[in-house]
Amino acid sequence: MSDQYVKVQVEQMKSFGEDAEKEGVDTEEQVPGSSPSASVSPDHPTGTDASSTSLPCKQTGKSRSKPGREDKRHTSDVASQGSVVSSEKNLNRLGYERTLQVKGTGKILQRKSEPNGNYVTIHTSKNIEEMRREEGFKLAKKRRPVTVDTSKAKTSLEALKISIKQLKWKEFPLGRRTACDIYWHGVSFHDNENIVSGQVNKFPGMIEMLRKINLSRAVRTMQELFPEEYDFYPRSWILPEEYQQFTTQIHMVKEKDATVNPTFIVKPDGGSQGDGIYLIRDPSDLKLMTGSQAKQGVVQEYIQKPLLIDKLKFDIRLYVLIKSLEPLEIYIAKEGLTRFCTELYQEPSQKNLSHVFMHLTNYSLNVHSGNFVHSDSQSTGSKRTLSSVLYRLAAKGVDIKRVWSDIIALVIKTVIAVVPELRVYYQADIPPGKPGPTCFQILGFDILLMKNLKPVLLEVNSNPSMRIEHEQEVAPGVFEYVPSPVDEEVKVGVIRDTLRLMDPGHKKPTVPQQRAGGFEQGEEIPMEEETQEKSQDETGTLPSLCLKQVYPKYSKQFNYLRLVERIAALFIRFLGVKGNMRLGPTAFRTFIRTWWNISQLKRLISDMKRESQRGESCRRKDAKGGSPCCGKLL
Ligand code: ADP
C-alpha cells in the first residue's frame, strides 16, 4: 500500500475539515430527530404479527440530549437512583434480553414470551444476580481501565465518547505519550504512525480492497471458482479495461433476443454517497473520459426488481466487525439501518433513468428531496431500523429467518473473498516478528433485497459513517448539528460492543463447542441464538452484545471457500523478504522448485478436486431450483 497515498488523504482531510472525510469514508445517513422506541433485534422478530413491533420494554422518553449537553445522555450509572428504569434505555436500548432492572435492589425482572405473544414477568433469583454483580464490580475495580486514543476518531468521535463512558474506560482525546490499549482511527490504519502495540480499529489495505474495482475483482475470482455460491453480486465490468468486453457481450445478448433491454449502473471507483453514479441502457451512453483521462470505475447489472415497501426502493446498511484476520472472526450487528428512496419506484425506462430519488437509496441524495421524511419513529420515514423493516415483512408472511440466514451467508462469503489480499497487505505493514498492533475493523455492508427476497451485495464501505448527528437548517441559511436518535441507537451499540469484544482484559470468547464449525452447506443458519454471546460485562449493567459471531461459528458451511486464502498464504511464505508484496525471481524459483514438497499445496489440490465435484452437485441442485441474479442476464 502506498504510504504517500494515505498521507495525501490525511492531509486532504485536514484541509477540508471533518465533513470532507472521503476515500471510502461514507459520510451519509444522518437522520433527523426521531424519538427512539425499543429496538428489536433481527434475532427476535420471529412472529408474524405486526403488532409485535410494540415490545414490552418500549421506551417513549427521549434519550437524546441537545448538542453540547453530553452529560445527560450518559446515564449508565443508574444504580444510584431508586426507580424502575430500563437499563436498555440508558444503554441505547440495544440489549436484546428484555430485562428491567429495579434500581437499588439488584433485582432483575425478566420477560419471557408466552405462546400468545405476550410477555410475563419472572422474578429471577435476587441472590445470584446480586452476587454476580458484586463479583463483577470487584473484578472491574481491580483492573485498570482500558485506554483508548480517540485523537484521530474524526466523525466517529461522538458515538465513541458515549461508548467509552458507558464502559467506564479511559479516553485520551489528544493522544498519549505512552501506549494506549486501543487506537480509534477515522480513516485508515495509518492515521497514527508508529504504533507498536495495542489494537487499531483499521486493517492496512482495507480501503484499497473495498474500492469498487478491487471488490468486484475479488468477488469475480470467487465467482469463477464457485459460481453458485457467489451469485449475490451483480455482474460487473471494470472500466476502462473491460469496456470492449462489456459492449460485445451486451450486443450479443440484444442480438439473441431483441426484447431484452437490460439496464446498467455506472459507479466511479472510490466514489461514495452516490457521487458520479448514473444509469444507462446502452454501452454507447458510457462516459468514459474525464478530460483526457479514462475514468476508473465499474459498470454493473442494475437490479430492476427490488423489494419495495410503501412502493419505495430501499437498501440495508449492515454493520460487520472483522475481529481478527487470522484466525478469521466475523461478527454481525443484529440491528442495522434501512435507507429509503423518496420517489415511487418504477422499473427503469429511458424516461426515468435520471430520477435519482427513485433509483438511488443514498441518504445524502434523498435528504435533498422535498419528499424526505424526518420521522419520529424508527419504523416510518426515510431511514428506519432494520428490525422494524423485518417485522413489517414478517407481518406480511415473509420468511425473515431465511432472509437473515441468506444475509449472513452473503457477509461471510464476501469477507472470504477479500481476506486473501488483506492478508498480503497485513504482512506488508505488520511483518511477522516486527512489533506492531493487532487490528479489527467495522465495515458497512450495503445490501439490496430483490423482489424474490434474495439479498444482493451493492458495496462494502471500509469507513461506514458513525455520525450520530446530522446537519439541519435551523433558520434560513443557518445550519446546526442536531442529534439523530435512529443513528445513535444503532451506531453507539455497534461501537460499544466492538470495544467490549476487543477488551484486552478479556480472554477470547470461545466458539460454542456443540456448534463449533456450524452448519452444513445449504443448511439454514438459525436466526435465534440458542447460545447468545454472553454480555462480557463484569458489572452486569450492560445489555447483551448486539454483535453476533457468525464466523468461525458457521465455519463448517463456508470453510471450503477459503481456497484462494491458502494460495495467498503460500505466496506470503515465498515472498522471501518480510513485509514485501512482490514475489521476486529468486523467490519464485524457490516456489517452483519446492512446490511438490509442500503438503499444504497437495491438500489444496485435493480440496479443489473435491470442490469441483461438490460444485457439480450444486449445479445439478440449482438446475432444479433456479439460480438468482448473477448470470441470469448474460
Ligand atoms: P456509493 O458508494 O456511491 O453509495 P453504491 O454502490 O452504494 O455507491 O450505489 C449507490 C446506490 O445505487 C445504492 O445505494 C443503491 O440504491 C443503488 N445501486 C447500486 N448498485 C445497484 C445495482 N446493481 N442495482 C440496483 N441499484 C443499485
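Every number for a ligand or one of its atoms is a count from 1 in the order of the listing.
By the 3.5 Å distance cut-off applied to N or O atoms, Q300 is counted among the residues near ligand 1. For ligand 1, the polar-atom distance check against N461 finds no nitrogen or oxygen pair separated by under 3.5 Å. An N or O contact shorter than 3.5 Å is missing between P234 and ligand 1 by distance.
Of the protein's heavy atoms, I277 CD1, 3.3 Å lies nearest to atom 8 (O) of ligand 1. The protein non-hydrogen atom at the shortest distance from atom 16 (O) of ligand 1 is T361 OG1, 2.6 Å. At the shortest separation from atom 4 (O) of ligand 1 among protein heavy atoms lies N362 ND2, 2.7 Å.
Which parts of ligand 1 touch E301 is read off a 4.0 Å heavy-atom cut-off, strictly below it: atoms 22 (C), 23 (N). The atoms of ligand 1 that sit less than 4.0 Å from any heavy atom of G274 are 1 (P), 3 (O), 4 (O). Within the listing of ligand 1, atoms 14 (O) sit less than 4.0 angstrom from a heavy atom of D315. For ligand 1, the atoms lying closer than 4.0 Å to a non-hydrogen atom of G271 are 2 (O). Remark: ligand 1 atoms within the under-4.0 Å shell around heavy atoms of I303 are 22 (C), 24 (N), 25 (C).
Residue-level proximity to ligand 1 for H359 is carried by the backbone, the only part with a heavy atom below 4.0 angstrom.
Between Y363 and F372, the ring center distance clears the sub-6.0 Å criterion.
With sequence neighbours excluded, the residues forming a side chain to side chain donor-acceptor pair (under 3.5 Å) with R220 are E242, listed by chain and number.
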Take E158 and R467 through the test salt bridge (Lys or Arg N to Asp or Glu O under 4.0 Å) and record every step on the way to the result. CA-CA 7 Å; E158 190 73 0; R467 252 189 202 282; over 6 Å; no
